Amino acid sequence: MEIKAIRGFNDILPSEIRKWQFVERIAREVFEGFGFSEIRIPVLERTELFARGIGESTDIVEKEMYTFLDRSGNSVTLRPEATASIARAYLEHQLYSFDPVAKLYFIGPMFRYERPQKGRYRQFYQVDAEVFGVGNPMVDAEVILMLMHFLKKVGLERLELHLNSLGCRACRPRYREDLRNFLKRKTFQLCRDCQRRLQMNPLRIFDCKVQTCQEAIVEAPRVIDFLCEDCQIHFDKVKEYLQMVGLDYILNPRMVRGLDYYTRTAFEVVSYHLGAQNAVTGGGRYDNLFKEIGGPDIPGIGFAVGMERLISLLPNERHTISRPHLFIAALSGEPQKEAYRLVNQFHLEGIWAELDYEGKSLKSQMRRADKLKARFTLILGDEEMRKGKAILRDMDTHTQEEVFISDLLKIFKEKVSPQKSTPS
RNA sequence: GUGAGUGUAGCUCAGCCGGAUAGAGCACUGGGUUGUGGCCCCAGUGGGCGAGGGUUCGAAUCCCUUCACUCACCCCA
């Protein structure tokens with residue numbers, strides 16, 4: 001009891017692991033169906049990768065990273081997100097030389113030093129997918145379709161897909177200035193945080209929950225009115241393709257992103273059952289990332305799904321209770337040894353059998369067999385054993401019969417249907 | 001980093017305008033059936049009230065400090 005897990009770092013217990021395995025399985029099936037390949041990236045990267053990729057002045061880099069010096073004195077960081085690492089791997093291994101278009105996905109833990117709250121932990125898992133090498137808006141819609149399909153397959157409904165365009169290097173600065181000028185005239189209306197944001201990153205004011213700030217921005221200029229011609233065309237196409245693949249979305253000109261590398265298409269899927277951290281997933285296009293980390297000019301788009309958030313939305317049923325095929329209740333001495341021999345023999349055949357190790361009373365063993373929800377219980381007593389037999393009790397039907405111990409394995413191989421054993 | 005709330009048995013929680021050995025339900029163990037489960041009945045194990053300090057004749061109950069958890073802000077998946 002003395003040593004506890006580190007704050008914000010959680011155990012995933014056997015009782016909830018089925019949900020995780022389920023979501024991971026669906027992710028793999030859906031993504032691979034869309035032509036994505038899994039990639040696995042290291043937990044630790046050079047700090048520089050994130051500083052340059054995500055942006056020096058972002059909150060993540062400024063105050064949320066687990067950064068430290070390793071024993072050689074290099075500054076290293078536990079990955080706070082996957083995109084930069086995946087892009088790094090793509091460049092480092094020249095994956096573009098095989099095919100300039102790369103569709104990659106990744107599932108694993110990320111680390112951010114934030115104050116934990118509902119749906120936000122210091123170690124948290126993301127399901128991440130990225131497409132590198134295509135700037136065409138078709139891919140934007142394709143990626144969003146895959147995302148929504150995945151969420152649907154996993155069983156989530158009533159989600160809102162929010163869509164926006166953040167513009168590019170050519171048009172966003174112009175918008176920023178315009179927004180700043182607009183809000184400067186309303187400075188007195190803004191909360192202290194927003195007055196600070198006005199200087200740092202005026203777009204963030206859209207996220208503020210203070211009433212007066214909300215009022216101040218009601219008539220604020222919108223990004224989508226400032227898009228340059230290329231961005232406008234791109235955005236129109238994205239919407240057109242989304243419609244073509246049959247996806248509904250909510251145009252949300254106020255949705256902004258916290259990572260510097262995002263350009264143009266930005267999207268988020270929110271649920272109102274999540275509390276304050278209501279984004280199940282977020283993503284977008286990032287046509288500047290590769291240049292930032294020292295690569296060629298390669299466009300990219302992707303998303304990250306928050307596993308904990310997603311799982312908290314999952315319906316509670318669905319988890320199949322796993323139950324032992326057999327519980328072996330032995331009475332004493334010789335039967336106990338026989339039980340031990342049998343249990344291990346069963347295990348080698350992939351049949352889940354349990355027994356009591358403590359030499360408890362039959363009643364107590366039966367209770368445990370019941371608690372474990374064993375399908376059958378084998379009662380090994382001296383009398384039957386002398387005849388080479390034992391009592392096999394069907395716990396569901398409450399019936400029992402004497403069987404030859406030598407026949408047991410055969411009996412159970414028949415009883416254990418193929419689906420019940422581990423599915424491949 | 002800021003704010004609010006909470007911290008009593010393995011779990012959920014009661015007790016908290018101070019007062020004599022700290023309670024309930026569930027769980028666990030044993031028994032009621034010298035060899036048989038789920039219901040029921042009986043009995044039992046288990047905490048000294050997050051930690052430290054203070055006030056008091058006396059503190060789980062009041063005060064201070066600290067830690068942890070939760071939610072919210074910030075930000076994000």
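Letters A, B, ... mirror the listed sequences (proteins, then strands); counts begin at 1. Side-chain atoms are counted along with the backbone in the values below, which use heavy atoms only and exclude waters and symmetry mates. As the structure is a prediction and not an experimental result, all values here were calculated from the model.
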Next item on the list: Quick one: label A/Glu62 by what it contacts on the DNA or RNA (base, sugar-phosphate, nothing), any heavy atom closer than 4.0 Å.
Entry: nothing
Notebook entry, point to check: With a 3.5 Å cut-off and just heavy-atom distances, do the side chain of A/Gln365 and the base of B/U36 make a donor-acceptor pair?
Noted result: no
Next item on the list: May I ask you to check whether over 12 heavy atoms, not counting those of A/Gln345, lie within 6.0 Å of atom CD?
Entry: yes
Next item on the list: Check side-chain contact (heavy atoms from CB on, under 4.5 Å) between A/Val223 and all other residues, then give those that pass, not counting sequence neighbours.
Entry: A/Asn164, A/Tyr175
Check: Within the pair A/Lys371 and B/C28, is there a side-chain N or O less than 4.0 Å away from OP1 or OP2?
Finding: yes
Notebook entry, point to check: Hey, does A/Val280 reach any base, or is it just sugar-phosphate, or nothing, if we go heavy atoms under 4.0 Å?
Noted result: sugar-phosphate
Checklist line | Nearest-angstrom distance, P atom, B/G18 to B/U56 | finding: 16 Å
Notebook entry, point to check: By side-chain contact (heavy atoms from CB on, under 4.5 Å), which residues pair with A/Thr397, not counting sequence neighbours?
Noted result: A/Asp394, A/Thr399
Next item on the list: Describe the nucleic acid contact of A/Ala369 in one word from base, sugar-phosphate, nothing, applying a heavy-atom distance below 4.0 Å.
Entry: nothing
Notebook entry, point to check: So what does A/Thr377 touch, heavy atoms closer than 4.0 Å: a base, only the sugar-phosphate, or nothing?
Noted result: nothing
Next item on the list: Determine yes or no for a side-chain-to-main-chain donor-acceptor pair under 3.5 angstrom, with A/Thr47 supplying the side chain and A/Ser75 the backbone.
Entry: yes
Check: In residues 28-38 of chain A, which ones come under 4.0 Å of RNA chain B, going by heavy atoms?
Finding: none
Contacts under 3.5 Å, N or O only, protein and nucleotides 32-34 of chain B:
from: B/G32; atom 1: N7; to: A/Lys363; atom 2: NZ; distance (Å): 2.8

Next item on the list: Summarise how protein sits on nucleotides 46-51 of chain B as a single string, 5' to 3': B when a protein heavy atom is under 4.0 Å from the base, S for sugar-phosphate-only contact, - for no contact.
Entry: ------
Notebook entry, point to check: Could you give the distance from OG1 (A/Thr377) to CG (A/Asp370), rounded to the nearest 0.5 Å?
Noted result: 8.0 Å
Check: Can you check the A/Asp370 CG to B/A27 P distance for me, whole Å?
Finding: 12 Å
Next item on the list: Hunt down the Watson-Crick or G-U wobble partner of B/U21, both distances under 3.5 Å, from any strand shown, or write none.
Entry: none
Note to self: Tell me which nucleotide, if any, is Watson-Crick or G-U wobble paired with B/A59 when both distances must be under 3.5 Å.
What the structure shows: none
Note to self: Test ring pair (Phe, Tyr, Trp, His ring centres under 6.0 Å) on A/Tyr357 and A/Tyr340; report intermediate values, then the result.
What the structure shows: CA-CA 9 Å; A/Tyr357 298 99; A/Tyr340 183 66; 7.4 Å; no
With the criterion being N/O to N/O and under 3.5 Å, what pairs connect the protein with nucleotides 8-10 of chain B, and how long is each?
none

Notebook entry, point to check: Mind telling me whether B/G50 is syn or anti, cutoff 90° either side of 0?
Noted result: anti
Checklist line | C1' spacing across the pair B/U61 / B/C49, given as an integer number of angstrom | finding: 10 Å
Item checked: Mate of B/C71 where both pairing distances stay under 3.5 Å, Watson-Crick or G-U -> B/G3
Note to self: Whole angstroms only, please: what is the CH2-C1' distance between A/Trp20 and B/A77?
What the structure shows: 12 Å
Check: Which whole number of Å gives the distance between the C1' atom of B/A59 and that of B/A22?
Finding: 12 Å
Next item on the list: Using both distances under 3.5 Å as the test, list the Watson-Crick or G-U wobble partner of B/C16, or none.
Entry: none
Next item on the list: Assign A/Glu383 to base, sugar-phosphate, or nothing according to its heavy-atom contacts below 4.0 angstrom with the strands shown.
Entry: base
Checklist line | Aromatic ring proximity, centroids under 6.0 angstrom, A/Phe9 and A/Tyr121 | finding: no
Next item on the list: Would you please name every residue forming a side-chain contact (heavy atoms from CB on, under 4.5 Å) with A/Ile311, sequence neighbours left out?
Entry: A/Lys19, A/Trp20, A/Val23, A/Met307, A/Leu314
Next item on the list: Have a look at A/Glu64 and say if it touches a base, only the backbone sugar-phosphate, or nothing, with a 4.0 Å heavy-atom cut-off.
Entry: sugar-phosphate
Note to self: Assess the residue pair A/Phe327 and A/Phe376 against the criterion (side-chain contact (heavy atoms from CB on, under 4.5 Å)); give the C-alpha distance rounded to whole Å, side-chain angles, the decisive distance to 0.1 Å, and a yes or no.
What the structure shows: CA-CA 6 Å; A/Phe327 187 93; A/Phe376 293 91; over 6 Å; no
Next item on the list: Using the P atoms only, state how far B/U45 lies from B/C67, rounded to an integer number of Å.
Entry: 38 Å
Next item on the list: Pick the C1' atom in B/G31 and in B/C16, then give their distance to the nearest Å.
Entry: 38 Å
Strictly under 3.5 Å: I want the nitrogen or oxygen pairs between protein and nucleotides 66-70 of chain B, one per line.
from: B/C69; atom 1: OP2; to: A/Arg7; atom 2: NE; distance (Å): 2.6
from: B/C69; atom 1: OP2; to: A/Arg7; atom 2: NH2; distance (Å): 3.4

Check: Just checking, A/Arg122 and A/Tyr113: is the charged tip under 6.0 Å from the six-membered ring centre and within 45° of the axis?
Finding: yes
Note to self: Under 6.0 Å between ring centres: does that hold for A/Tyr90 and A/Phe132?
What the structure shows: yes
Next item on the list: Output the single nucleotide from B/C74, B/A77, B/U36 whose closest atom is nearest the side chain of A/Arg309.
Entry: B/A77
Next item on the list: Name the pairing partner of B/U34, where a pair is Watson-Crick or G-U wobble with both distances under 3.5 Å, or state none.
Entry: none
Check: Touch check for A/Gly275, heavy atoms < 4.0 angstrom, all strands: base, sugar-phosphate only, or nothing?
Finding: sugar-phosphate
Check: Expressed as a whole number of Å, how far does the P atom of B/C13 sit from that of B/A20?
Finding: 26 Å
Notebook entry, point to check: What's the CZ-P distance between A/Arg120 and B/A72, to the nearest Å?
Noted result: 9 Å
Check: Quick one: ring-ring contact (aromatic ring centres under 6.0 Å, His included) partners of A/Phe68, sequence neighbours excluded?
Finding: none
Notebook entry, point to check: Checking all strands, does A/Arg368 fall into the base, sugar-phosphate, or nothing category for heavy-atom contacts under 4.0 angstrom?
Noted result: nothing
Notebook entry, point to check: Residues in side chain to side chain donor-acceptor pair (under 3.5 Å) with A/Glu292, at least two apart?
Noted result: A/Arg169
Next item on the list: Using a 4.0 Å heavy-atom cut-off across all strands, classify A/Ile391 as base, sugar-phosphate, or nothing.
Entry: base
Check: Between B/G37 atom C1' and A/Leu331 atom CG, what is the distance in whole Å?
Finding: 14 Å
Check: Rounded to whole angstrom units, what separation is found between the CG atom of A/Asp59 and the P atom of B/C73?
Finding: 14 Å
Next item on the list: Can you tell me, in whole Å, how much space there is between the C1' of B/G37 and that of B/A72?
Entry: 48 Å
Notebook entry, point to check: Do the side-chain N and O atoms of A/Thr67 and A/Thr77 include a donor-acceptor pair separated by under 3.5 angstrom?
Noted result: yes
Check: Think A/Ser361 has a side-chain N or O under 4.0 angstrom from the OP1 or OP2 of B/G31?
Finding: yes
Next item on the list: Give the intermediate values and the outcome of side-chain contact (heavy atoms from CB on, under 4.5 Å) for residues A/Glu349 and A/Leu409.
Entry: CA-CA 9 Å; A/Glu349 297 296 331; A/Leu409 207 55; 3.9 Å; yes
Next item on the list: Quick one: list whatever passes salt bridge (Lys or Arg N to Asp or Glu O under 4.0 Å) with A/Lys363, sequence neighbours left out.
Entry: none
Note to self: Nearest whole Å is fine: how far is B/C74 C1' from A/Asn278 CG?
What the structure shows: 15 Å
Next item on the list: Pick the P atom in B/C71 and in B/C63, then give their distance to the nearest Å.
Entry: 26 Å
Checklist line | With A/Glu81 via side-chain contact (heavy atoms from CB on, under 4.5 Å) - residues at least two apart | finding: A/Ile54, A/Thr83, A/Ala84, A/Arg112, A/Leu259, A/Tyr261
Check: Between B/C71 atom C1' and A/Glu114 atom CD, what is the distance in whole Å?
Finding: 15 Å
